[in-house]
Number of protein chains: 2
Amino acid sequence: MATLPATRATRRQGRVPSGTPSRAPITRFDRRLGQILDHATAVFCEKGYEGASMRDLSRATGMSLAGLYHYCESKERLLFLIQKHTFTTILEKLKSRLENVPDPEQRIRIFILNHLEYFVSNQHGLKVLSHEDESLKNGLSSEIAGIKRQYYRICLGLMEDLRRGRGLDFNTRTAVMSLFGMINWIYTWYNPRVDGSAEALAEQMGNIVLKGIVHGGKTRRKS
Amino acid sequence: MATLPATRATRRQGRVPSGTPSRAPITRFDRRLGQILDHATAVFCEKGYEGASMRDLSRATGMSLAGLYHYCESKERLLFLIQKHTFTTILEKLKSRLENVPDPEQRIRIFILNHLEYFVSNQHGLKVLSHEDESLKNGLSSEIAGIKRQYYRICLGLMEDLRRGRGLDFNTRTAVMSLFGMINWIYTWYNPRVDGSAEALAEQMGNIVLKGIVHGGKTRRKS
DNA sequence: CATACGTTCGAACGTTCGTTCTAATTATAG
DNA sequence: CTATAATTAGAACGAACGTTCGAACGTATG
């Protein structure tokens, strides 16, 4: 492979040098790759990464097989780019939203809301991120794992802040993992007609995690 | 296929007539099939259903490809049998444990404990059940979906009992789905060394769902 | 021993997989 | 317009896929 002429896609592999935000010159190439990634997200979501073939993607994008490989060197890298973009976006939004909110309980509620809002507006991407967590091989999986670790540590920090601030006694790791389960599992059941907006769901889930179903809702009158 | 001589596996396809518990004569055939299913569970768990090949199963069981097909007519049916056995077992255990326990809160705690205990003792099976939820096609998936509906309705009933009994106000569907997320997601993070026994975890998760992290643990002294 | 049946296998079936080759077409720069 | 590079497509590659076939094996019964 080393002697072959480098395609555009292979040349693209190197990272943008950090420190140079590079002012994002959106080229035709990037736009087209973005379209491919959008279609690939939908196909991976429906058929699963292993179950989806490059020919499925070819059909979905209306592009030939060779055309796809002009923009991305492998199927695995498509999944990588999808997961990286999705995870990076949700993480950036979270960091931004957490600024200027000091109250520990409110910060946890923001974490939940951020996740659910992003899910509702990008269901396919978040399902592919959650469900295909183990589909990448050693090389590419480690970078996603790094972002995941950041996401986990932020949430763990939120839990520890609440715990310390109020002198509570609970296992923060279990709490974080339970919360992750609640918000990640949603791709298996969420129905906008039945389950309402992200805000409504986030409040309910926030109540459960923070106060439990016993103390979470407004108590009703007994008839 | 209709004109081919029926193999043992195809003849086995019909259901055992209900009403006749059939006293379970465990034949050599059943024992061997069970071994295959055990190995298949581990392989599906590690590589995913689509990612695992019949040759992987052949290697894991030490049996030839044709040998596997003597015991089960297709890869998909292997997954079906794994999921059906796993789900049926956990459901039966749950029903049995719920007898003679009237208190609504305790019943929810039993539900959680039953699920986590089964997970700890059969991690591969429960992961294959959760993760490969959408891998079966129309014919075989509906039967699994039926068991799942039973499982869901039982848990929904537990929630509604607690809600009515105490005059609480919360969305039972969201509560059930959140709880399912908590207990199903565990296959992505559980580490026995770190996270302890099923009992310990079940108590923590029960506290979260019922009382939340704010009221769930024993309050600590402030230093 | 002969027969029958459950069991196992090596080898192959046709298909689909991810990927690549070559060449034609289109856009861009001088 | 010419030349250079970016973009697309058709056809094919070898490998791996799920599955099947015919023959051999083992064992228990007549």
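Everything quoted here is computed from the prediction, not taken from an experiment.
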**Q.** Pairs where residues 127-148 of chain A contributes a residue and the test ring pair (Phe, Tyr, Trp, His ring centres under 6.0 Å) is met, not counting sequence neighbours
**A.** H131(A)-Y187(A), H131(A)-H131(B)
[X] side chain, from C-beta outward: closest of [options]:
X: A66(A); options: dT7(D), dC21(C), dT7(C); answer: dC21(C)
X: Y69(A); options: dT7(D), dT8(D), dT19(C); answer: dT19(C)
X: L65(B); options: dT7(C), dG10(C), dT19(D); answer: dT19(D)
X: M63(B); options: dC9(C), dT19(D), dT19(C); answer: dC9(C)

Quick one: is [N] close enough that its OP1 or OP2 comes under 4.0 Å of any side-chain N or O from [X]?
X: R32(B); N: dG6(C); result: no
X: H70(B); N: dT8(C); result: no
X: R28(A); N: dT8(D); result: yes

(Q) Applying salt bridge (Lys or Arg N to Asp or Glu O under 4.0 Å), can you list everything that pairs with K75(A), at least two apart in sequence or on another chain? (A)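 By the salt bridge (Lys or Arg N to Asp or Glu O under 4.0 Å) rule, K75(A) matches no residue at all.
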Q. With sequence neighbours excluded, what pairs up with K93(A) under the salt bridge (Lys or Arg N to Asp or Glu O under 4.0 Å) test?
A. none
Starting from [atom2] on [N], measure out to [atom1] on [X] and report it in whole angstrom.
X: Y71(A); N: dA6(D); atom1: OH; atom2: C1'; result: 8 Å
X: F29(A); N: dT28(C); atom1: CZ; atom2: P; result: 15 Å
X: E76(A); N: dG18(C); atom1: CD; atom2: C1'; result: 12 Å
X: K75(A); N: dT20(C); atom1: NZ; atom2: P; result: 15 Å
X: R31(A); N: dA27(C); atom1: CZ; atom2: P; result: 13 Å
X: L33(B); N: dG6(C); atom1: CG; atom2: P; result: 16 Å

Q | Sole candidate of Q150(A), E143(A), K148(A) that passes side chain to side chain contact (heavy atoms under 4.5 Å, CB included) when paired with F87(A) | A | K148(A)
Q.
So if I take residues 35-60 of chain B and measure heavy-atom distances to DNA chain C, which residues fall below 4.0 Å?
A. R55(B)
Q: Only counting residues at least two apart or in another chain, list the ones meeting ring pair (Phe, Tyr, Trp, His ring centres under 6.0 Å) with H124(B).
A: none
**Q.** Ion pair E199(A)/R109(A), N-O distance below 4.0 Å
**A.**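 No salt bridge links E199(A) with R109(A).
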For residues 34-46 of chain A, which side-chain N or O atoms pair as donor and acceptor with protein atoms under 3.5 Å away, sequence neighbours left out?
residue : atom : partner : partner atom : Å
Q35(A)  : OE1  : R32(A)  : NH1          : 2.8
H39(A)  : ND1  : Q35(A)  : O            : 3.1
T41(A)  : OG1  : L37(A)  : O            : 2.6

